[in-house]
Amino acid sequence: MKLTPENFPNIADEYVLGLLNEADVIAVENEIERNAALANAVAEARERFLPLDTTVDPAAVSPVLWEAIEARLPEQAVANSRPAAPVSPVAPVAGNDNKRSGWRATAISAIAASLILAGGLVWSVTRTVEPLVVAVLVNEAGEVQAVVEDFGNDTASIKLLTDFAVPADKTMQVWTLPSREMGPMSLGLLEDRHSARLSGSALPRPQDAQLYEITLEQAGGSPTGRPTGPILAKGFAKLAR
Amino acid sequence: MSAVATAGLEYSQISECSGREDGLALATDQSTDLEGALFACAKGDRSGLRRIFDHEAGRLVAVAQRIVRRRDLAEEVVQEAFIRIWTHAHQYAPERGSARGWIYAIVRNRALNMLRDGSREDLVAEDRLETLQDSAQLEQIMGAWHRLDRNSRLKECLGRLDETRRRGILMAYVGGYTHGEIAGRLSLPLGTAKSWIRRGLLTLRECMA
């Protein structure tokens, strides 16, 4: 294929018809970026054949399809969109209450918060928090992959001990099974394949032999709220003593 | 171009006969609003994507299904295409063609990729190779031409091509067939099929110019 201007109309047609081989498709798509003449030829070819598509009998679309799309939407890098699937299921509360009493309450609570923080700082410096349970997660081959420390105060720490291969459109999600009745509950997402401290999942106090696992889910986390992807690692907790 | 003209006409008709807001909204949806919806997507507004879905998803699933054959795969194609529309909406440039053309191209590319992607061969190939399915498939492909608006320039110009060339072009665009598959179905040597299609496309461009 020669990408010369006199060939553009034919190349654009064959590109739009899907008749080019893979290498030529890549060449065309690269050239379109900087070559307005080729870009215009492709746009014209598209418009020329488009009526063959827009006159098709529409298929009946189930609402599930939209839900599946929405669950997978990554966040746009712009402010006014909704927050990404949060690590915690706790609903956000508006912080900007402009009533006067609201400001007074804010001031009081700010003072209280700084006192609590100061106290907490002293406490955390003088005392290390111990996890209630520790779970060593292994893969199918029995190799150690990660360690989960659950502190029982709605906080868990996940330390990854190996490099996980996570495709760009996927994410790692951490789960635990507090009880059969509750079923698997999400502790949160591991962004960027890093160790993390996940908090906010209000779950029952972790028990001895409670199951923890990490699964590969679509970006933004499992759309169903239950693990759907392959299990990367799992293990049972032991009470720390 | 003709799609825009038709939409413009619809717009004027509806705004003439109805001052109601929903009528107006319906009319603008037909023309410029896919563009507005893409701009909304680029700004991170999910309702923009939802508008595109409400308006086009049925046709997009049908278009994808003509290529990948199976409904479940077609829905997968549309799902992935909508994620791409969302993440790439900022790249849409109105001076480079209609919003509708841009959206359909993303779905078509996704469908063709799935078809040509080795990993999905087992899922798709069985249907494609079955000659039993072929006659129904070819009928559907030719149907796309018959369904075109009677006054459509594309319909008229495709009609002027000799049948083999018309078939080759429609098999590629509507059904996602490769040169090799078209040559096989039309019982032509590969080189002959390629040059017939090329000449058919040239005649079509001249006719529609």
Side-chain angles (χ1 to χ4, degrees), chain A residues 7 9-22 25 29 32-33 36 38-82 169 218-220 223, chain B residues 1-3 41-46 49-50 53-54 57-63 65-67 71 74-75 78-79 82-83 86-87 89 96-98 100-102 104-105 108-109 112 116 144-145 147-149 152 154-155 169-170 172-174 176-179 194 197-198 201-202 204-205 208:
Chain A
N7 288 337
N10 184 61
I11 288 171
D13 272 355
E14 294 196 347
Y15 171 73
V16 167
L17 261 63
L19 285 172
L20 297 182
N21 64 40
E22 205 178 329
V25 167
E29 286 174 355
I32 280 179
E33 298 295 324
L38 181 60
N40 286 338
V42 167
E44 279 171 23
R46 257 180 209 157
E47 299 299 328
R48 206 176 304 133
F49 290 100
L50 189 58
L52 287 167
D53 285 340
T54 52
T55 50
V56 72
D57 260 340
V61 175
S62 97
V64 176
L65 183 59
W66 170 254
E67 286 160 22
I69 291 167
E70 200 179 25
R72 286 180 58 190
L73 288 187
E75 206 49 32
Q76 221 72 306
V78 177
N80 60 355
S81 50
R82 289 197 300 175
D169 58 340
Q218 49 189 252
Chain B
M1 290 305 114
S2 65
C41 289
K43 281 189 275 177
D45 176 0
R46 289 179 181 206
L49 195 69
R50 178 70 210 227
F53 184 89
D54 288 343
R59 276 185 292 271
L60 291 171
V61 169
V63 164
Q65 193 174 351
R66 291 197 299 207
I67 295 173
R71 176 60 184 265
E75 292 196 356
V78 168
Q79 205 182 114
F82 268 83
I83 308 287
W86 173 251
T87 54
R96 297 265 176 86
S98 70
R100 182 172 273 114
W102 189 83
Y104 276 73
R108 299 182 55 80
N109 285 347
L112 287 173
R116 312 265 152 90
W145 170 52
R147 297 178 63 87
L148 288 173
D149 187 88
S152 138
L154 180 61
K155 180 168 201 172
I169 289 171
L170 289 170
Y173 186 85
V174 182
Y177 284 76
T178 61
H179 274 131
K194 280 188 181 178
I197 290 172
R198 187 167 304 157
L201 289 171
L202 174 63
L204 201 59
R205 283 198 300 276
M208 291 183 72

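The chains referred to below are lettered A, B, ... by the order of the sequence lines, with proteins before strands, and numbering in each begins at 1. Just so it is clear, the model here is predicted, and its values are computed rather than measured.
For chain B, the option among A/A59, A/A68, A/A43, A/A219 with the highest count of heavy-atom pairs below 4.5 Å is A/A59. Interface remark: of the candidates B/F53, B/F82, B/Y104, B/F53 forms the most heavy-atom pairs closer than 4.5 Å to chain A. Chain A forms the most heavy-atom pairs under 4.5 Å with one residue out of B/H179, B/R205, B/R108, and that residue is B/R205. Counting heavy-atom pairs closer than 4.5 Å to chain B, the top residue among A/L17, A/V61, A/T55 is A/L17. Among B/M208, B/E75, B/R50, the residue with the largest count of heavy-atom pairs under 4.5 Å with chain A is B/R50. Counting heavy-atom pairs under 4.5 Å between each of A/N40, A/L52, A/D169 and chain B puts A/L52 at the top. Comparing B/V174, B/L148, B/V61 by heavy-atom pairs within less than 4.5 Å of chain A, the highest count is held by B/L148.
Looking at B/N109, the atoms closer than 4.5 Å to chain A (heavy atoms on both sides) all sit in the side chain, from C-beta outward. Neither the backbone nor the side chain of A/V42 comes within contact range of chain B; no heavy atoms are under 4.5 Å apart. For B/I169, the parts sitting under 4.5 Å from any heavy atom of chain A are the backbone and the side chain alike. Looking at B/L201, the atoms closer than 4.5 Å to chain A (heavy atoms on both sides) sit in the backbone and in the side chain alike.
For the residue pair A/L65 and B/Q79, the shortest heavy atom distance occurs at CD1-NE2, 4.1 Å. In terms of heavy-atom proximity, B/R147 sits nearest to A/D57 at NH2-OD1, 3.0 Å. A pairwise comparison of heavy atoms in A/P74 and B/I83 identifies CD-CG2, 4.1 Å as the closest pair. Considering every non-hydrogen atom in both A/R46 and B/A105, the closest pair reads NE-CB, 3.2 Å.
Atom-to-atom distance recorded for B/L49:CG and A/E70:CD is 8.5 Å, nearest 0.5 angstrom. Note that the OG1 atom of B/T178 and the CG atom of A/N21 stand 11.0 Å from one another [nearest 0.5 Å]. Taken from CG in A/L73 to CZ in B/R46, the straight-line distance is 4.5 Å, to the nearest 0.5 Å. Residue A/L19 holds its CG atom at 12.0 Å from OH of B/Y173, rounded to the nearest 0.5 Å.
Within a 6.0 Å radius of NZ in B/K155, more than 12 heavy atoms belonging to other residues, nucleotides or ligands are found.
Ion pairing between a basic and an acidic side chain is recognised when a charged N comes within 4.0 Å of a carboxylate O; B/R66 and A/D53 show such pairing.
Side-chain N or O atoms of A/E47 include one that pairs as donor or acceptor with a backbone N or O of B/S98 at under 3.5 Å.
Among residues two or more places apart in sequence or in another chain, the side-chain contact (heavy atoms from CB on, under 4.5 Å) test is passed with A/V25 by A/Y15, A/L20, A/E29. In this view, B/W102 and B/Y92 satisfy the ring pair (Phe, Tyr, Trp, His ring centres under 6.0 Å) rule, not counting sequence neighbours.
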